[in-house]
J.: 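A single structure is presented below for examination.
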Amino acid sequence: MDCIFCKIIAGEIPSDKVYEDENVLAFRDINPQAPVHVLIVPKKHMRNILECDAQTAAAVTEAVGKVARQEGVSVSGFRVVTNCGRDGAQSVEHLHFHLLGGDKLSESMA
Ligand code: AMP
């Protein structure tokens, strides 16, 4: 499958890894939109949140907390976003969650 995030998970493409466990890999976004911009990615390939199962959702949620604490934004706050499909401006068709923080984010969501 020609999926860039699957290749990152397989170690075929380098990434700036910040967290990994059995189910999840987290690495810095190559084009950061905030001082902290980490992508939290389930290792199992699924296209978007519509394909996300409960076990994956739990694993991602746990990873969000770990990454937020590790990156020092758990107290100041942060945002978690997943884009889905064309109107959601999803550019990589492997489910991922953007964790953004390290500064006051825009109050606009779109
Ligand atoms: P989305 O537009 O929600 O699908 O987000 C995809 C994100 O993946 C974008 O923010 C890109 O900057 C990021 N991205 C694409 N390729 C890489 C890569 N090789 N390493 C890290 N981040 C990447």
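On a predicted model such as this, the values are computed, not experimentally measured, just so you know. Both ligands and their constituent atoms are indexed starting at 1 by order of listing.
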J.: In Å, rounded to the nearest 0.5 Å, how long is the span from CG of L99 to OG1 of T82?
T.: 12.0 Å
J.: Tell me which protein heavy atom sits closest to atom 1 (P) of ligand 1, plus the residue, atom name and distance to 0.1 Å.
T.: H96 NE2, 3.2 Å
J.: Is ligand 1 under 4.0 Å from a heavy atom in the side chain of D16, in the backbone, in both, or in neither?
T.: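 For D16, there is no contact with ligand 1 at all, from either part.
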J.: Within the structure, does V92 bring an N/O atom to less than 3.5 angstrom of an N/O atom in ligand 1?
T.: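 The answer is yes, given that V92 and ligand 1 share an N or O pair closer than 3.5 Å.
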J.: Set out, in order, the CA-CA distance, both residues' side-chain angles and the distance that settles side chain to side chain contact (heavy atoms under 4.5 Å, CB included) for F27 and I8, then state yes or no.
T.: CA-CA 9 Å; F27 52 90; I8 288 174; 3.9 Å; yes
J.: Evaluate N31 against Q33 for side chain to side chain contact (heavy atoms under 4.5 Å, CB included), listing each step before the verdict.
T.: CA-CA 7 Å; N31 182 25; Q33 305 297 309; 3.5 Å; yes
J.: If you round to the nearest 0.5 Å, how far is NE2 of H96 from CD1 of I49?
T.: 11.0 Å
J.: What protein heavy atom is closest to atom 22 (N) of ligand 1, reported as residue, atom name and distance in Å?
T.: I30 N, 3.1 Å
J.: For atom 16 (N) of ligand 1, grab the closest protein heavy atom and report residue, atom and distance to one decimal in Å.
T.: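 Looking at atom 16 (N) of ligand 1, the protein heavy atom closest to it is I4 CD1, 4.0 Å.
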J.: Please report which non-hydrogen protein atom sits nearest to atom 9 (C) of ligand 1, along with the residue it belongs to and the distance in Å to one decimal place.
T.: D29 OD2, 3.3 Å
J.: When you look for heavy atoms under 4.0 Å from ligand 1, do you find them on the side chain of F5, its backbone, both, or neither?
T.: side chain
J.: Strictly distance-based, threshold 3.5 Å: is any side-chain N or O of T56 a donor or acceptor partner for the main-chain N or O of C52?
T.: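 Not a single qualifying donor-acceptor pair exists.
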J.: Only heavy atoms of R28, strictly under 4.0 Å: list the atoms of ligand 1 that pass.
T.: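 Per the distance check, 21 (C).
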J.: What's the shortest distance from atom 4 (O) of ligand 1 to any protein heavy atom, and which residue and atom give it?
T.: S91 N, 2.7 Å
J.: Between E20 and K43 (salt bridge meaning N to carboxylate O under 4.0 Å), is one present in this structure?
T.: yes
J.: For S15, which part has a heavy atom under 4.0 Å from ligand 1: side chain, backbone, both, or neither?
T.: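 The answer is neither.
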J.: Does the side chain of L95 reach to within under 4.5 Å of the side chain of V41, using non-hydrogen atoms?
T.: no
J.: Need the ligand 1 atom indices (1-based, order shown) with element for anything under 4.0 Å from a heavy-atom of N83.
T.: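 So the atoms of ligand 1 that pass are 1 (P), 2 (O), 3 (O).
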J.: Is it the side chain (CB and beyond), the backbone, both or neither of T82 that lies under 4.0 Å from ligand 1, heavy atoms counted?
T.: neither
J.: Heavy-atom pairs closer than 4.0 Å: do any link ligand 1 to the side chain of H98, the backbone, both, or neither?
T.: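 Side chain only.
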J.: Taking only heavy atoms of L39 into account, list the atoms of ligand 1 that are under 4.0 Å away from them.
T.: 8 (O), 13 (C), 22 (N)
J.: Number the atoms of ligand 1 from 1 as they appear, then name those within less than 4.0 Å of a heavy atom of Q90, with their elements.
T.: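 The atoms of ligand 1 under 4.0 Å from a heavy atom of Q90 are 4 (O).
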J.: Are E71 and K66 close enough for a salt bridge, meaning some N to O gap below 4.0 Å?
T.: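 The answer is no: the pair does not qualify as a salt bridge.
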J.: Using a strict threshold of under 4.0 Å (side-chain N to carboxylate O), is an ion pair present between K44 and D53?
T.: yes
J.: What atoms in ligand 1 come closer than 4.0 Å to a heavy atom of N31?
T.: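 In order of numbering, the contacting atoms are 12 (O).
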J.: Would you call I13 and I4 a side-chain contact if the rule is heavy atoms closer than 4.5 Å?
T.: yes
J.: Within ligand 1, which atoms have a heavy atom of A89 less than 4.0 Å away?
T.: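 Once the distances to A89 are compared, the set is 2 (O).
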J.: If you round to the nearest 0.5 Å, how far is CG of N23 from CD of Q55?
T.: 5.5 Å
